[in-house]
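Okay, so here's the structure we're looking at.
Both counts, for ligands and for their atoms, begin at 1 and track the order of listing.
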Amino acid sequence: MSNSTGTYLVTGGAGYVGGVVAARLLAAGHAVTVLDDLSTGFREGVPAGAEFIEGRVQDAAKWLDRSFDAVLHFAAFSQVGESVADPEKYWRNNVGGSVELLRAMRQAGVRTLVFSSTAAVYGEPAVTPITEDAPTAPTNPYGASKLAVDHMIAGECAAHGLAAVSLRYFNVAGAHGAQGERHDPETHLIPLVLRTALGERAHLSVFGEDYPTPDGTCVRDYIHVDDLADAHLLALGAAAAGEHLVCNLGNGNGFSVREVIGTAREVTGRPIPEVVAERRAGDPAVLVASAERARQRLGWQPTRPALADIIADAWTFARRQHRSEGSTTP
Ligand code: UDP
């Protein structure tokens, strides 16, 4: 990214990843406007110094104008299980919102986009680690909705010269200071493991132990949210008119659900009871990234790849959250 400062619209900047990227843009001296309808984000998640608009991506045309150098698009529903139960919600919001955003950008003359895509577009991969050339065959409507947006962006680049980078996240975790992962209801593994360590939950349900993996539980590639945020800042500089660049973002290391629980026990020094539960619909057995292209094209280099470091930062955040919610247990 060049040293000059820019003006950016961050959709979904009241959420976890969007909020951290917005904070990092501000820290780098840029001007940031967050557009978020607070359907899943939190007002406190919008970093100090950002202008905040409470509104829907579908209505982005109301606020977008030429003063913005680029849009970073995070606003989306992102829960696999919910998407299986209520697919229309995902098509309507994730796809419908992006259609309107792309049109608003074209009409306003804003021609650079960084999009929050996902490893879920690959479905059950035939080869691991997954490269961007792997076939896309999502196993759930969440992944399908993100893939549809990736296709939509590719068309916009080809037809209208948009400069776009889609970053396909593997499992984002950790925290950036006081900004951490918080969903309501929480469904993600690391926050749930840590809530169990804090005694907020009696046990962690392990969703299936009969997968074709070494210990039978699902394997994922966990990436620190700060490393992920770095890639967004680099992507702004790498975006080129008429090109849709797609980059995976992960550490290339897979950890099973049981390995995550084991590492969390070491980091927290607390017992974390687990019970085996049914498989969760739509979960692929193994998702591990090849991030070679991100290294080459973005010059990206993860700085916090160790699972214990990622969990330690998430633990600091979880304890802070626990205290702020007024709990008396430590
Ligand atoms: N998982 C689990 N118990 C939970 C939550 C998640 O066993 O309470 C598993 C889930 O089935 C998946 C992995 O942990 O294999 C990571 O799930 P998460 O929802 O954090 O991320 P995803 O891989 O769905 O993006």
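Taking every non-hydrogen atom of Asp283 and a distance limit under 4.0 Å, the qualifying atoms of ligand 1 come out as 10 (C), 11 (O), 12 (C), 15 (O). Listed by atom number, the atoms of ligand 1 under 4.0 Å from Cys218 heavy atoms are 15 (O). Shown in contact with Val206 at under 4.0 Å from a heavy atom are these atoms of ligand 1, numbered in order with element: 7 (O).
With hydrogens left out, the protein atom closest to atom 23 (O) of ligand 1 is Arg220 NE, 2.8 Å, a heavy atom. The protein non-hydrogen atom at the shortest distance from atom 3 (N) of ligand 1 is Ser205 O, 2.6 Å. The protein heavy-atom contact nearest to atom 9 (C) of ligand 1 is Val257 CG2, 3.8 Å.
Judged by distance alone, the side chains of His73 and Thr11 do bring a donor and an acceptor atom under 3.5 Å apart. Side chains of Asn248 and Tyr122: a donor on one and an acceptor on the other come within 3.5 Å. No side-chain N or O of Ser117 forms a donor-acceptor pair with one of Tyr169 less than 3.5 Å apart. Donor-acceptor pairing under 3.5 Å is lacking for the side chains of Tyr142 and Glu82. A donor-acceptor pair shorter than 3.5 Å can be found between the side chains of Ser166 and His244.
The heavy atom nearest to atom 4 (C) of ligand 1, considering only Tyr169, Phe255, Phe207, is found in Phe207. Among Leu189, Asn171, Val219, Thr217, the residue whose heavy atom sits closest to atom 25 (O) of ligand 1 is Asn171.
Between His188 and ligand 1, a contact under 3.5 Å exists for no N or O pair. Between Tyr222 and ligand 1, no N or O atom pair is found at a separation short of 3.5 Å.
In this structure, Tyr16 has its ring center no closer than 6.0 Å to that of His188.
At a 4.0 Å heavy-atom cut-off, ligand 1 touches Arg280 through the side chain alone. The side chain of Leu204, and not its backbone, has at least one atom closer than 4.0 Å to an atom of ligand 1 (non-hydrogen atoms only; side chain from C-beta on).
Applying the salt bridge (charged side-chain N to carboxylate O under 4.0 Å, His left out) criterion to Arg92, with sequence neighbours excluded, gives Glu88.
Between the Tyr90 side chain and the Gln79 main chain, a donor and an acceptor come within less than 3.5 Å of each other.
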